[in-house]
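See structure below.
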Amino acid sequence: MAVPTMVVAKFDFEPSSSSEMKLEKGTRYKITRQVDDNWYSGKGANDASGIFPISYVEAVVDLSGELPAARPNKRRRAEGLSFSYTRQRSADLKAGAIAASRYNTALPTAPALPTDRLPYHVRRVMPGPGSTEVRYVDTRVNRTSSIRPPDSSNVSAVHIFDLDETLIQFNHLGSLYIPPRQLVPRTPGEAATPPDRTAGKAVSAALEDLIFGLATAHFFFDDLDGCNQTDVRALGHVDDRAPLDALDFDEDGFTWPKGAPPGLAHPAWTRLAHRLRAMEERYAKAAGTAGAAARRPPTAAATIASHVAKHKYEKTSEKSLSFSARAPVDVLQTADSGWVRVQIGADEGWAPASYLSPVETNEAFPEVAALGTAGMLSDEQATAVANLHRDLTAYTEGWLDTALRLLHALQHVQGCELVLVTNSELAAALTKCLLFRLGPYFRPENIYSSVTAGKPAVFQRIQERFGHEPHYCAYGDGDEERRAAEGLQMAFRPVGHVADLQKLCRQAELNDGRVN
């Protein structure tokens with residue numbers, strides 16, 4: 001669904017963090033970009049800028065009162081990336097389960113496309129004699145792209161994931177609510193207390209700064225403004241395959257023309273294709289893979305994090321596990337009840353989470369260490385990101401860790417493809433995957449941005465790529481991905497709570513990667 005240029009507020013909105021912008025009912029606002037499924041970034045008439053929920057505004061058809069065009073200088077923000085994060089005190093972090101956000105994001109969307117039709121703006125050109133190439137002409141920009149025959153020879157299942165508020169908690173970190181009955185004491189004998197939401201806001205603000213800084217410094221976030229592509233291989237047909245180490249991206253004179261996209265003969269297309277190829281290679285290196293098409297072998301155990309025992313614990317049942325104080329413990333699984341499944345040596349069992357403390361080392365997050373190896377983070381920044389992950393785990397009660405367990409279980413299945421479709425711009429989507437430790441599970445060519453085309457069209461492109469033979473299953477928290485999946489007769493699994501992820505994990509782990 002296209003992002004509007006101008007919107008009008010349907011309700012008043014009071015910001016809860018410095019990154020959000022106040023809305024007044026009936027006032028118009030300029031949209032600068034769509035952050036994800038639930039948030040716009042925009043500007044007001046008084047030069048105020050920030051993000052606000054999509055559900056609070058509606059598009060303006062008559063743009064006669066449009067504000068003067070103004071775009072924040074994101075490049076200045078990311079030059080010489082400076083990032084630091086002070087870990088929150090444990091008392092500021094929340095324990096318990098995650099409930100629904102205060103924002104209603106179930107907005108109406110356009111009907112999904114029938115399975116036998118392409119989007120209105122795409123025309124299929126069938127192959128000629130002796131050819132297997134199918135071409136698709138985009139009538140909006142008057143350009144042609146080539147798509148390979150279905151890549152489904154060894155694919156039996158394709159799992160399509162939404163990103164924000166499905167695999168990760170990002171936009172709602174400062175507005176999460178825990179019912180009092182679901183709060184869990186942090187240590188034996190300690191009373192359960194409601195969380196301090198300022199901790200979530202601090203984590204969210206630090207992540208936002210880091211995402212846009214890295215996206216600009218390493219994934220051409222500014223250069224792709226106005227020419228965002230669906231995936232890193234979208235322009236393979238215009239790429240002259242010049243060696244990347246021979247290109248100077250700062251001096252090649254790339255600027256995307258304003259107005260209608262240029263013809264294919266314009267050099268901007270080739271220079272944009274070079275950037276997409278560089279993004280693919282940089283992502284693959286930072287994700288710790290051996291190349292753009294390689295996948296990291298799954299580890300022997302889906303370890304969430306390394307911990308150390310704060311107290312001695314004597315098991316109270318056959319399912320629990322005893323340990324001494326200061327014993328090293330690996331946490332394999334978290335539960336809403338305040339218990340965690342742990343591993344000590346070759347033994348596994350359950351233990352109270354309040355008896356354990358995370359180990360203050362980056363070794364528990366090899367994906368973060370890979371960012372340092374790839375030259376994206378300094379050692380101090382990598383330590384700050386590791387601390388962010390520890391606080392994120394505590395504050396969201398293991399949301400991301402549970403999602404990683406699910407991906408781990410699915411990745412073990414032979415012939416399984418993991419695909420990501422997000423309303424983030426492509427540069428931001430790649431950056432989020434790396435920062436949130438999703439790199440080993442999603443190859444760069446399997447990450448799609450639906451900002452321009454919309455999720456129904458992207459889902460259809462994925463089905464064209466892998467063919468109709470594999471089993472398709474989509475996962476998300478919104479109505480748009482549900483409609484896109486159902487319109488193509490794909491299975492859909494809603495994820496609105498950490499309990500939904502935990503249920504999917506149990507099914508995948510017990511049923512050899514199959515979810516019901």
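Note that the numbering runs from 1 along the sequence shown for the chain.
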Derivation of the side-chain hydrogen bond (donor to acceptor under 3.5 Å, both in side chains) call for S449 and D231 = CA-CA 6 Å; S449 168; D231 61 274; over 6 Å; no
Could you check whether any side-chain N or O of [X] sits under 3.5 Å from a backbone N or O of [Y], counting only pairs where one atom can act as donor and the other as acceptor?
X    : Y    : result
D209 : A206 : no
E481 : D477 : yes
S450 : A453 : no
T32  : S41  : yes
R275 : R271 : yes
Q381 : S378 : yes
K310 : S354 : yes
T166 : V495 : no
Q229 : C227 : yes

[X] [atom1] to [Y] [atom2] distance, which is reported to the nearest 0.5 Å:
X    : Y    : atom1 : atom2 : result
T402 : L501 : OG1   : CG    : 6.0 Å
E280 : L426 : CD    : CG    : 10.5 Å
H307 : I344 : NE2   : CD1   : 12.5 Å
L418 : H408 : CG    : NE2   : 12.0 Å
S424 : Q34  : OG    : CD    : 9.0 Å
R437 : L400 : CZ    : CG    : 5.0 Å

Between [X] and [Y], which heavy-atom pair has the shortest distance, and what is it?
X    : Y    : result
Y283 : R443 : CE2-C, 4.2 Å
P470 : A157 : CB-N, 4.0 Å
A286 : L434 : CB-CD1, 3.7 Å
P494 : D500 : O-CB, 3.9 Å
M21  : F13  : O-CD2, 3.2 Å
H218 : M376 : NE2-CA, 3.7 Å

Sequence-distant partners of [X], side-chain contact (heavy atoms from CB on, under 4.5 Å), two or more places apart:
X    : result
Q414 : none
A508 : L406, A409, L410, V515
A278 : F220, L244, F249, R282

Quick one: are [X] and [Y] in side-chain contact, heavy atoms under 4.5 Å?
X    : Y    : value
L377 : L210 : yes
Y448 : V419 : yes
R341 : V331 : no
Q411 : C416 : no
F459 : V421 : yes
D223 : L272 : no
L356 : V340 : yes
R493 : L504 : yes

Any chance the side chains of E480 and N423 put a donor and an acceptor closer than 3.5 Å?
-> yes
Any luck finding a side-chain donor-acceptor pair between D222 and T216 under 3.5 Å?
-> no
Please find out if less than 6.0 Å separates the ring center of F323 from that of Y313.
-> yes
Got a salt bridge between K22 and E14, using NZ or NE/NH1/NH2 to carboxylate O under 4.0 Å?
-> yes
Pairing of D225 and R33 as salt bridge, 4.0 angstrom limit | no
Walk me through it: do K432 and D164 pass the test salt bridge (Lys or Arg N to Asp or Glu O under 4.0 Å)?
-> CA-CA 9 Å; K432 285 183 179 180; D164 292 338; 2.8 Å; yes
Under the rule for ring pair (Phe, Tyr, Trp, His ring centres under 6.0 Å), what residues qualify as partners of [X], not counting sequence neighbours?
X    : answer
F436 : none
H389 : F365
F442 : none

Candidate pair D479 and R482, rule salt bridge (Lys or Arg N to Asp or Glu O under 4.0 Å), full reasoning | CA-CA 5 Å; D479 194 54; R482 180 186 65 80; 2.5 Å; yes
Pair K312-Y355, side-chain contact (heavy atoms from CB on, under 4.5 Å): steps then yes or no | CA-CA 8 Å; K312 179 181 179 181; Y355 280 66; over 6 Å; no
Take I447 and V232, measure what side-chain contact (heavy atoms from CB on, under 4.5 Å) needs, and give me the verdict at the end.
-> CA-CA 8 Å; I447 299 173; V232 293; over 6 Å; no
L420 vs Y441, side-chain contact (heavy atoms from CB on, under 4.5 Å): CA-CA, chis, key distance, verdict = CA-CA 10 Å; L420 190 74; Y441 302 100; over 6 Å; no
Decide salt bridge (Lys or Arg N to Asp or Glu O under 4.0 Å) for R233 and D239; before the verdict, give the C-alpha distance in whole Å, the side-chain angles of both, and the deciding distance to 0.1 Å.
-> CA-CA 9 Å; R233 298 187 178 179; D239 190 349; over 6 Å; no
Go through the steps to decide whether D347 and K315 satisfy the test salt bridge (Lys or Arg N to Asp or Glu O under 4.0 Å), and finish with yes or no.
-> CA-CA 13 Å; D347 298 325; K315 68 178 185 178; over 6 Å; no
Applying side-chain contact (heavy atoms from CB on, under 4.5 Å), run through E425 and L224 and close with a yes or a no.
-> CA-CA 9 Å; E425 295 177 358; L224 267 63; over 6 Å; no
Parallel, tilted or perpendicular, as decided by the 30° and 60° cut-offs, for the rings of W256 and F254 = tilted
In sequence, state the C-alpha distance, the side-chain angles, and the governing distance for R465 and N446, and then conclude on side-chain hydrogen bond (donor to acceptor under 3.5 Å, both in side chains).
-> CA-CA 11 Å; R465 173 185 167 189; N446 281 4; 2.9 Å; yes
